[in-house]
Visitor: 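Can you read through this structure? Questions will come right after.
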Amino acid sequence: MSAVDVSRTQVGIVGAGPAGLVLGHLLYLQGIESVILEGRDREYVEGRVRAGVLEQGTVDLLIEIGVGERLRREGLVHHGVELRFAGKGHRIPFDELTGGRGITIYGQQEVVKDLIAARIESGAPLLFGVEDVSPVGIESDSPLLRFRHEGQERELRCEVVAGCDGFHGVCRDAVPDGALRFRERVYPFAWLGILAEVEPSSDELIYCHHERGFALHSMRSPHLTRLYLQCEPDEAIESWTDERIWDELSARFASEGWSLKQGPIIEKGVTPMRSFVAEPMQYGRLFLAGDAVHIVPATGAKGLNLAVADVRVLADALARWFSRGDDSLLERYSEACLPRVWRAQHFAWWMTSMLHRMPDDRDGFMARLQLAQLEYVCSSRAAATSLAENYVALTDVPRATADQIV
Ligand code: FAD
Ligand code: DHB
């Protein structure tokens with residue numbers, strides 16, 4: 001797409017992660033022009049292994065906008081998860097507790113591949129390998145995105161800028177000091193995640209609490225297992241040989257009559273654990289979405305789902321503004337998103353606090369509280385229902401009616 005001349009558009013989107021790509025596609029379907037600027041190359045973006053759990057609302061949206069064909073074919077539908085602690089597993093039956101709901105396991109990079117293919121097929125501009133993106137004049141009516149592409153300095157005049165450039169992006173920093181309020185917690189641990197070429201050891205996800213630390217069993221296909229283990233926040237990945245990883249995972253998941261299947265490890269990475277929210281999610285003509293404006297610790301599996309929920313609200317608000325000149329939905333973008341963001345923050349923090357080994361817990365007080373909580377969740381229908389309904393359907397966005405949009 002490098003030869004496209006892009007100097008003017010309605011919506012300048014920074015970032016081709018799930019937020020930027022879904023937003024671009026929703027706008028395309030409404031006849032609104034956008035240009036997506038992505039810092040990395042296509043291969044990198046499509047190969048980045050991250051999330052895996054999609055809520056039904058996310059799946060429904062992807063199908064509705066025409067990018068869900070492979071997801072429907074290859075996605076693994078799950079109706080429960082296992083909580084494992086004190087060496088025993090306890091199933092939380094989502095379907096029974098939430099009126100038939102479940103989740104779908106489908107890798108984020110597969111979602112991203114499907115969205116990039118749709119973008120390219122639509123002919124709408126998506127530039128990879130863009131450097132030094134800088135939003136200028138976001139408080140004016142015609143903000144600008146300055147950037148460099150293929151060695152040339154470029155300017156893209158926009159009516160609106162969508163900052164979908166993740167936690168380390170540049171858009172949030174373009175807002176003047178003091179205009180946003182930040183709230184943050186950094187956890188004293190991280191996740192070491194691997195992808196292994198081996199059949200999953202269980203049909204469902206296993207969230208495992210153990211005195212050696214948290215572990216999570218997930219999957220990507222009948223032949224690919226995704227596993228995570230709690231590690232130090234500054235963990236040197238080189239110190240984790242494949243053998244050490246398998247030994248540690250096997251020790252944490254140990255349960256009578258169950259064993260962890262092992263295979264070649266094809267991907268390894270360390271993910272920090274952080275809670276972060278910037279408020280409001282907008283300033284002038286800049287609208288922030290997804291990880292650019294909020295981060296949740298991965299334990300609740302909410303980040304990607306929240307990113308999609310944000311841009312769904314933003315796309316409807318932009319459609320109304322471009323079609324009618326009515327900015328009432330746009331003005332209320334933050335207000336519409338933040339309650340969901342904070343509910344997800346609470347759930348992710350709660351799951352994280354219940355399941356991870358707390359490093360400063362010298363007398364084991366926290367560990368006893370965690371076990372008490374886990375036992376309660378697994379023995380009380382009310383507590384299990386609370387976990388289930390947050391896990392399966394927290395980021396559902398009520399559909400705007402056509403009348404609200406246009
Ligand atoms: P990103 O995916 O970060 O995309 C931002 C894009 O912007 C990137 O492509 C980046 O290259 C680009 N960019 C950055 N800076 C610039 C710049 N200056 N100029 C141009 N482009 C730029 N979420 C779930 O819902 N379920 C899960 O199961 C789950 N598991 C996870 C497991 C792990 C190990 C991790 C790390 C995350 C997990 N998440 C999960 C979270 C999820 O991956 C993120 O919330 C999601 O990627 C957010 O999407 P986004 O589009 O907002 O940001
Ligand atoms: C996966 C990631 C998560 O953060 C989670 O809570 C569950 C599953 C995954 O990558 O499959």
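Computed from heavy atoms alone, side chains included, the values below leave out hydrogens, waters and symmetry copies. Indexing begins at 1, ligand by ligand and atom by atom, following the structure's order.
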Visitor: Just by modelled atom types, is the V81 backbone N or O under 3.5 Å from a matching donor or acceptor in the R91 side chain?
Guide: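 Absent.
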Visitor: Please compare P297, A51, G39 and report which has the shortest non-hydrogen distance to atom 30 (N) of ligand 1.
Guide: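 Considering heavy atoms of P297, A51, G39, the nearest to atom 30 (N) of ligand 1 sits in A51.
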Visitor: Mind listing the closest non-hydrogen atom pair of L329 and D316 along with its distance?
Guide: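 Scanning both residues completely, I find the closest heavy atoms to be CD1-O, 4.2 Å.
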Visitor: Measure from the side-chain N and O atoms of Q345 to the backbone N and O of I295, and report whether any donor-acceptor pair falls under 3.5 Å.
Guide: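 Checking the backbone N and O of I295 against the side chain of Q345, a donor-acceptor pair under 3.5 Å is found.
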Visitor: Going by distance alone, is a donor N or O of one side chain under 3.5 Å from an acceptor N or O of the other, for Q230 and W191?
Guide: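 Absent: no donor and acceptor within the cut-off.
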Visitor: Are the side chain of E159 and the backbone of S142 linked by a donor-acceptor contact shorter than 3.5 Å?
Guide: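 No, because the side chain of E159 does not come within donor-acceptor range (under 3.5 Å) of the backbone of S142.
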Visitor: Who's closest to atom 17 (C) of ligand 1 heavy-atom-wise, of V49, I13, V14?
Guide: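 Nearest option to atom 17 (C) of ligand 1, by heavy atoms: V14.
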Visitor: Any N/O of R226 closer than 3.5 Å to an N/O of ligand 1?
Guide: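 In this structure, R226 places no N or O atom under 3.5 Å from an N or O of ligand 1.
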Visitor: Tell me which protein heavy atom sits closest to atom 44 (C) of ligand 1, plus the residue, atom name and distance to 0.1 Å.
Guide: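 So the nearest neighbour among protein heavy atoms is D291 OD2, 3.3 Å.
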Visitor: Angle between ring planes, F287 versus Y333, binned at 30° and 60°: parallel, tilted or perpendicular?
Guide: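 Perpendicular, since the angle between the ring planes exceeds 60°.
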Visitor: Quick test: of every protein heavy atom, which one is nearest to atom 26 (N) of ligand 1, and how far off is it to 0.1 Å?
Guide: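 The closest one turns out to be A301 O, 3.1 Å.
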Visitor: Do ligand 1 and R50 have nitrogen or oxygen atoms that lie under 3.5 Å from each other?
Guide: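 Yes: some nitrogen or oxygen of R50 is under 3.5 Å from one in ligand 1.
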Visitor: Mark yes or no for whether Q10, through its side chain, and E33, through its backbone, hold a donor-acceptor pair below 3.5 Å.
Guide: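 Flag set: sc Q10 to bb E33 pair under 3.5 Å.
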Visitor: What I want to check is whether the side chains of T98 and E389 have a donor and an acceptor closer together than 3.5 Å.
Guide: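 There is no such pair (donor and acceptor under 3.5 Å, judged by atom type) between the side chains of T98 and E389.
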Visitor: With respect to R48, determine whether any N or O atom, backbone or side chain, lies less than 3.5 Å from an N or O atom of ligand 1.
Guide: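 Yes: some nitrogen or oxygen of R48 is under 3.5 Å from one in ligand 1.
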Visitor: Is it the case that ligand 1 has an N or O less than 3.5 angstrom from some N or O of A19?
Guide: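 So ligand 1 has an N or O lying under 3.5 Å from an N or O of A19.
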Visitor: Report yes if L304 has an N/O atom closer than 3.5 Å to an N/O atom of ligand 1; otherwise report no.
Guide: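 Yes.
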Visitor: List every atom of ligand 1 that sits less than 4.0 Å from any heavy atom of V170, numbering the atoms from 1 in the order shown and giving each element.
Guide: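 This gives 18 (N) as the contact atoms.
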Visitor: Any N or O on G52 sitting closer than 3.5 Å to an N or O of ligand 1?
Guide: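 Yes, since at least one N or O of G52 sits under 3.5 Å from an N or O of ligand 1.
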Visitor: Which protein heavy atom lies closest to atom 32 (C) of ligand 1, and at what distance to 0.1 Å?
Guide: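 Among all protein heavy atoms, the one nearest atom 32 (C) of ligand 1 is Y228 OH, 3.6 Å.
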Visitor: Could you tell me, atom by atom, which parts of ligand 1 come under 4.0 Å of a heavy atom of R40?
Guide: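 Going through ligand 1 atom by atom, the ones under 4.0 Å from R40 are 11 (O).
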Visitor: Any N or O of Q108 that comes nearer than 3.5 Å to an N or O of ligand 1?
Guide: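 Indeed, backbone or side chain, Q108 has an N or O that close.
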Visitor: Please identify which of these residues, Y228, F189, W349, Y207, meets the ring-ring contact (aromatic ring centres under 6.0 Å, His included) condition with H356.
Guide: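 That would be F189.
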Visitor: Yes or no: does F167 have any heavy atom under 4.0 Å from an atom of ligand 1?
Guide: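 No, F167 has no heavy atoms under 4.0 Å from ligand 1.
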Visitor: Provide, to 0.1 Å, the distance between atom 14 (C) of ligand 1 and the closest protein heavy atom, together with that atom's residue and name.
Guide: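 Sorting protein heavy atoms by distance from atom 14 (C) of ligand 1 puts D165 O, 3.0 Å first.
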Visitor: Would the number of heavy atoms belonging to other residues, nucleotides or ligands and lying under 6.0 Å from CD of E69 be above 12?
Guide: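 No - once you tally the heavy atoms of other residues, nucleotides and ligands closer than 6.0 Å, there are 12 at most.
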Visitor: Output the list of atoms in ligand 1 that are nearer than 4.0 Å to some heavy atom of G166, sorted by atom number.
Guide: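 Atoms satisfying the 4.0 Å criterion: 3 (O), 5 (C), 53 (O).
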Visitor: With heavy atoms of N305 as the reference, note each atom of ligand 1 found under 4.0 Å away.
Guide: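 Those atoms are 25 (O).
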Visitor: Do R185 and T352 pair up side chain to side chain, a donor and an acceptor below 3.5 Å, judged on atom types alone?
Guide: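 Their side chains do not contain a donor-acceptor pair, so the 3.5 Å distance test is not met.
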Visitor: Starting from atom 19 (N) of ligand 1, which protein heavy atom do you reach first, and at what distance in Å?
Guide: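 For atom 19 (N) of ligand 1, the nearest protein heavy atom is V133 CG2, 3.6 Å.
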Visitor: What are the atoms of ligand 1, with element, lying closer than 4.0 Å to any heavy atom of G15?
Guide: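 Counting atoms of ligand 1 from 1, those under 4.0 Å from G15 are 6 (C), 7 (O), 12 (C).
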Visitor: Within a reach of under 6.0 Å around CG of D60, are more than 12 heavy atoms found that belong to other residues, nucleotides or ligands?
Guide: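 Atom CG in D60 is crowded, with more than 12 foreign heavy atoms closer than 6.0 Å.
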Visitor: Ignoring angles and geometry beyond distance, decide whether G169 reaches within less than 3.5 Å of ligand 1 through its nitrogen or oxygen atoms.
Guide: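 Between G169 and ligand 1 (N or O atoms, distance only) the closest approach is not under 3.5 Å.
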Visitor: Assess the side chains of E279 and W342: does a donor N or O sit below 3.5 Å from an acceptor N or O?
Guide: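 E279 vs W342: donor-acceptor pair found between side chains.
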Visitor: Please confirm whether V130 approaches ligand 1 to less than 4.0 Å, judged on its heavy atoms.
Guide: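 No, V130 has no heavy atom closer than 4.0 Å to ligand 1.
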Visitor: If hydrogens are left out, which of G290, G17, P18 has an atom nearest to atom 49 (O) of ligand 1, that is, the closest non-hydrogen atom?
Guide: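 The residue whose heavy atom sits nearest atom 49 (O) of ligand 1 is P18.
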Visitor: Would you tabulate the polar-atom pairs, meaning N/O of ligand 2 against N/O of the protein, with distances under 3.5 Å, reported to 0.1 Å?
Guide:
residue	atom	partner	partner atom	Å
ligand 2	4 (O)	A298	O	2.7
ligand 2	6 (O)	Y207	OH	2.7
ligand 2	6 (O)	A298	O	3.0
ligand 2	6 (O)	T299	O	3.3
ligand 2	10 (O)	R220	NH2	2.7
ligand 2	10 (O)	Y228	OH	2.5
ligand 2	11 (O)	S218	OG	2.6
ligand 2	11 (O)	R220	NH1	2.8
ligand 2	11 (O)	R220	NH2	3.4

Visitor: To the closest 0.5 Å, what do you measure between CE (M354) and CZ (F214)?
Guide: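 Here the interatomic distance stands at 9.5 Å.
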Visitor: Step through the shown structure and confirm whether more than 12 heavy atoms of other residues, nucleotides or ligands are within 6.0 Å of CZ on R183.
Guide: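 Count over threshold, so yes.
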Visitor: For the 3.5 Å polar cut-off, considering only N or O atoms, please tell me whether V53 and ligand 1 meet it.
Guide: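 Looking only at distances, the answer is yes, because the N/O contact criterion of under 3.5 Å is met.
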Visitor: Treating K268 as the side-chain partner and L195 as the backbone partner, does any N or O pair qualify as donor plus acceptor under 3.5 Å?
Guide: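 Judged by distance alone, no pair lies under 3.5 Å.
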Visitor: Answer yes or no: is there an ion pair linking E110 with R220, defined by an N-O contact shorter than 4.0 Å?
Guide: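 Salt bridge flag = no for R220 with E110.
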Visitor: Is H78 reaching over with its side chain to a backbone N or O of D203, donor-acceptor style, under 3.5 angstrom?
Guide: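 A pair under 3.5 Å: yes.
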Visitor: Which of the numbered atoms in ligand 1 are under 4.0 angstrom from any heavy atom belonging to L37?
Guide: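 Selected atoms, number and element: 20 (C), 21 (N).
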Visitor: Considering both backbone and side-chain atoms of E38, is one of its nitrogen or oxygen atoms within less than 3.5 Å of a nitrogen or oxygen in ligand 1?
Guide: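 E38 vs ligand 1: N/O contact under 3.5 Å present.
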Visitor: Check E82 with R84, please: is the shortest side-chain N to carboxylate O separation under 4.0 Å?
Guide: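 Yes, this pair counts.
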Visitor: Going by the order shown, which atoms of ligand 1 are within less than 4.0 Å of some heavy atom of C164?
Guide: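 Answer for ligand 1: 5 (C), 6 (C), 7 (O).
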Visitor: Counting distance only, does the side-chain N/O of N305 pair as donor-acceptor with the main-chain N or O of A301 below 3.5 Å?
Guide: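 Side chain of N305 to backbone of A301, a donor-acceptor pair under 3.5 Å: yes, one is there.
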Visitor: What part of T271, side chain, backbone, both or neither, has a heavy atom within less than 4.0 angstrom of ligand 1?
Guide: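 Only the side chain of T271 comes within reach of ligand 1.
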